Amino acid sequence: MTIDHQARIKQLKSSLTKKNIDIALITDPSNVFYYTGFNSDPHERFMAFVVDNRTDDLKLFVPALDKEMADQDSVIKNSIPISDEQDPFVVLKDELGENIEKIGVETKHVSMFRHQKLQAAFPKASYKDIQEDINHQRLKKSREEINYLQEAVDIIEKVLEEGIKKVKIGMTEAELAAELEFLMKKFGASGPSFSTIVLAGEKSALPHGVPGDRAFKKGDFLLIDFGVITPKGYCSDITRTFVIGEASDKQKEIYNIVLESNEAGIEAVKAGVPLKNFDIAARNVINDSGYGDYFHNRVGHGLGIEVHEEPSIHNKNEEIAEAGLFFTIEPGIYLPELGGVRIEDEVFINENGEREVLTSFPKELKVL
């Protein structure tokens, strides 16, 4: 199965026509990849997929050192190299002409510097945000994308299975994080989809803590939140929490509440209801157990090409769940001094409006 990039571009052009946009200038690398198949981080250099809606012309502007790779990977065969000594906005102007009235841009991604450069190059143009159109298009995952996402899940669960075998008293968070990221590459990932989180003991109460020199002790919670990006460009994100050595009654209590919350959130997932229902179902379990003050975050987020995408699964989101949505369910309880528990799964609302859970790593409390 392959991704139909031409269908994606056709849908984009339809939204441009409705907004009377002459040129779409797409510069977010994840969106460039979504439409063209070319996956690259240009760093400070300029890269853009340009749709000329006046002529149906498609152009891919890339750093000169990436042209060969772009020609191989992209469905857009008209790639225009920009060397380091060139001004990319002069190149744009030369290729597109000055007489452009309306340019569509991703306003979240275009810096003030680039906006000023665009205004100087195209003084007659006004600007329209196309971020929402792109986000809406990327929101619904195709079955082909789900297959790629399942591959990312399969890799990270294999990493977790092998990685926890290496845990021992005295090992540090940073050491285990390094072992996990080595296994990612070993098992076929391009790398981590975000900075690997490994937190022990009291540090596990920090939802986005950073692995350091904290050594593992008997009785510690061990929270591992990580994911991979695959060579096909899709991400995974999973969290499991363990106990090292021996679990106390308090740890078992907290863990089982979070597990019940996780399962309640997943059980609530279906098409045709507000997205907030999934958060509320999970949150109610934690609130009713008396730990509501220790669950600070939304219950989930979308993911795909990026590890954080739409939709946002929070208790105020009135948008209606539809087939094609893919997101995490990840409730947690974070108690200062004792530590925290988070259990995170990935869930898809399939073509029939029913849930599919892509993650399958066991969730019963495991003592390492």
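Remember, it's a predicted structure, so these values are computed and weren't measured experimentally.
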**Report entry** D41 side-chain N/O to H43 backbone N/O, donor-acceptor pair under 3.5 Å
**Finding:** yes
Requested in this report: Output the distance between atom OG (S289) and atom CZ (F295), rounded to the nearest 0.5 Å.
Outcome: 12.0 Å
Just distance, no hydrogens or angles: give the donor-acceptor pairs under 3.5 Å from side chains in residues 159-171, sequence neighbours left out.
| from | atom 1 | to | atom 2 | distance (Å) |
| --- | --- | --- | --- | --- |
| E162 | OE2 | K165 | NZ | 3.0 |

Query raised in the report: When clusters are formed by joining ILVMFWY residues with side-chain heavy atoms under 4.5 Å apart, either directly or through shared neighbours, do L183 and I197 land in the same one?
Result: no
Query raised in the report: Any side-chain heavy atom of E101 sitting closer than 4.5 Å to one from S126?
Result: no
Requested in this report: State which residue, out of E306, E106, E310, fulfils the salt bridge (charged side-chain N to carboxylate O under 4.0 Å, His left out) condition with R138.
Outcome: E306
**Report entry** Same cluster (ILVMFWY, side-chain, under 4.5 Å), L368 and L176
**Finding:** yes
Query raised in the report: V347 and L358: same hydrophobic cluster, using ILVMFWY side-chain contacts below 4.5 Å?
Result: no
Requested in this report: Mind jotting down which residue pairs meet the side-chain hydrogen bond (donor to acceptor under 3.5 Å, both in side chains) criterion with at least one end in residues 110-120? Sequence neighbours excluded, please.
Outcome: none
Query raised in the report: Any side-chain donor paired with an acceptor under 3.5 Å for N147 and E151?
Result: no
Query raised in the report: Run the side-chain hydrogen bond (donor to acceptor under 3.5 Å, both in side chains) check on Y255 and E260 step by step: do they pass?
Result: CA-CA 9 Å; Y255 189 93; E260 184 183 349; over 6 Å; no
Query raised in the report: Considering only heavy atoms from C-beta outward, does the side chain of P331 approach that of I286 to under 4.5 Å?
Result: yes
Requested in this report: For the residue pair H109 and T27, confirm or rule out a side-chain donor-acceptor distance under 3.5 Å.
Outcome: yes
Query raised in the report: Residues two or more places apart in sequence or in another chain: which of them pass side chain to side chain contact (heavy atoms under 4.5 Å, CB included) with E267?
Result: R355
Query - Spatial distance of atom OH (Y234) from atom CG (L303) [nearest 0.5 Å] - result: 11.0 Å
Query raised in the report: Does any non-hydrogen side-chain atom of T328 lie less than 4.5 Å from one of T239?
Result: no
Report task. Would you sort out whether K276 and E319 count as a salt bridge (charged side-chain N to carboxylate O under 4.0 Å, His left out), showing the intermediate values? Result -> CA-CA 8 Å; K276 67 179 183 180; E319 294 174 18; over 6 Å; no
Query raised in the report: Any ion pair linking E145 and R8 (charged N to carboxylate O, less than 4.0 Å)?
Result: yes
Report task. Run the numbers on D225 and R342 for salt bridge (charged side-chain N to carboxylate O under 4.0 Å, His left out), then give the verdict. Result -> CA-CA 8 Å; D225 182 354; R342 180 164 64 252; 2.8 Å; yes
Report task. Following the transitive rule for hydrophobic clusters with a side-chain heavy-atom cut-off under 4.5 Å over Ile, Leu, Val, Met, Phe, Trp and Tyr, establish whether I229 and F182 coincide in one cluster. Result -> no
Query - Same apolar cluster: I333 and L365, side chain cutoff 4.5 Å - result: yes
Query raised in the report: Between R143 and E351, is there a side-chain N and carboxylate O pair less than 4.0 Å apart?
Result: yes
Requested in this report: Take the angle between the ring planes of H296 and Y334 and call it parallel below 30°, perpendicular above 60°, tilted in between.
Outcome: parallel
Requested in this report: Taking the side chain as every heavy atom from C-beta outward, state whether M47 and F38 have any pair of such atoms under 4.5 Å apart.
Outcome: yes
Requested in this report: Mind checking salt bridge (Lys or Arg N to Asp or Glu O under 4.0 Å) for E132 and listing every partner two or more places apart, or none if nothing turns up?
Outcome: none
Requested in this report: Could you tell me whether D220 and K218 make a salt bridge, using a distance below 4.0 angstrom between a side-chain N and a carboxylate O?
Outcome: no
Query raised in the report: Taking the side chain from S15 and the backbone from L12, do they hold a donor-acceptor pair closer than 3.5 Å?
Result: yes
Requested in this report: Compute whether any side-chain donor of one residue and acceptor of the other, for E181 and T196, lie under 3.5 angstrom apart.
Outcome: yes
Requested in this report: Using a 4.5 Å cut-off on heavy atoms from C-beta on, say whether the side chain of E346 contacts that of D237.
Outcome: yes
Report task. Would you check if the side chain of T241 reaches a backbone N or O of L222 as a donor-acceptor pair within less than 3.5 Å? Result -> no
Query raised in the report: Does atom NZ of K10 have more than 12 heavy-atom neighbours from other groups under 6.0 Å away?
Result: no
**Report entry** Spacing of CD belonging to Q72 relative to CE belonging to M69, to within rounding of 0.5 Å
**Finding:** 8.5 Å
Requested in this report: Just do the salt bridge (charged side-chain N to carboxylate O under 4.0 Å, His left out) check on D133 and K19 with the steps written out, would you?
Outcome: CA-CA 10 Å; D133 302 272; K19 291 186 172 182; 2.6 Å; yes
Query raised in the report: Which value, rounded to the nearest 0.5 Å, describes the distance between N53 atom CG and D22 atom CG?
Result: 8.0 Å
Report summary line: CD1 of I329 to OG of S261, rounded to nearest 0.5 Å, is 9.0 Å
Query raised in the report: Just by modelled atom types, is the I349 backbone N or O under 3.5 Å from a matching donor or acceptor in the E354 side chain?
Result: no
Query raised in the report: Between E144 and T2, does any side-chain donor sit less than 3.5 Å from a side-chain acceptor?
Result: no
Query raised in the report: What distance do Y148 atom OH and S142 atom OG have between them, rounded to the nearest 0.5 Å?
Result: 8.5 Å
Query - S14 side chain near Q11 side chain, heavy-atom distance below 4.5 Å - result: no
**Report entry** salt bridge (charged side-chain N to carboxylate O under 4.0 Å, His left out) assessment of D56 paired with K13
**Finding:** CA-CA 9 Å; D56 287 338; K13 289 170 70 174; 3.0 Å; yes
Query raised in the report: Using links of under 4.5 Å between side-chain heavy atoms of ILVMFWY residues, direct or through other members, which residues join V105 in one cluster?
Result: I23, L25, F46, V50, F61, I80, I82, F89, V91, L92, L96, I100, I103, V110, L118, F122, Y127
**Report entry** Heavy-atom donor-acceptor pair, N78 side chain to K59 backbone, under 3.5 Å
**Finding:** no
Query raised in the report: Passes side-chain hydrogen bond (donor to acceptor under 3.5 Å, both in side chains), S79 versus K67? Steps please.
Result: CA-CA 7 Å; S79 64; K67 182 176 176 10; 2.9 Å; yes
**Report entry** salt bridge (Lys or Arg N to Asp or Glu O under 4.0 Å) contacts touching residues 290-301 (sequence neighbours left out)
**Finding:** none
Requested in this report: Would you mind checking if E309 and K141 are paired as a salt bridge, meaning a charged N to carboxylate O distance below 4.0 Å?
Outcome: yes
Query raised in the report: Think K158 forms a cation-pi with F187, using NZ or CZ under 6.0 Å from the six-ring centre and within 45 degrees of its axis?
Result: yes
Query raised in the report: So, is the end of the R240 side chain (NZ or CZ) under 6.0 Å from the ring centre of F361 and within 45° of the ring's axis?
Result: no
Requested in this report: Check whether any side-chain heavy atom of F221 lies under 4.5 Å from a side-chain heavy atom of V243, and answer yes or no.
Outcome: yes
Query raised in the report: At their closest point, which heavy atom of G340 faces which heavy atom of L223, and how far apart are they?
Result: O-CD1, 4.1 Å
Query raised in the report: Taking atom types as modelled and ignoring hydrogens, do the side chains of N262 and D345 form a donor-acceptor contact shorter than 3.5 angstrom?
Result: yes
Query raised in the report: Quick check: does any side chain N or O of S204 sit under 3.5 Å from a backbone N or O of A200, one acting as donor and the other as acceptor?
Result: no
Requested in this report: Answer yes or no: is there an ion pair linking E98 with K124, defined by an N-O contact shorter than 4.0 Å?
Outcome: no
**Report entry** Nearest heavy atoms of S236 and V307, plus distance in Å
**Finding:** O-CG2, 4.1 Å
Query - Sub-4.5 Å side-chain heavy-atom contact between H5 and T36 - result: no
**Report entry** Contact summary for M184 and F226, nearest pair of heavy atoms
**Finding:** CE-CD1, 3.6 Å
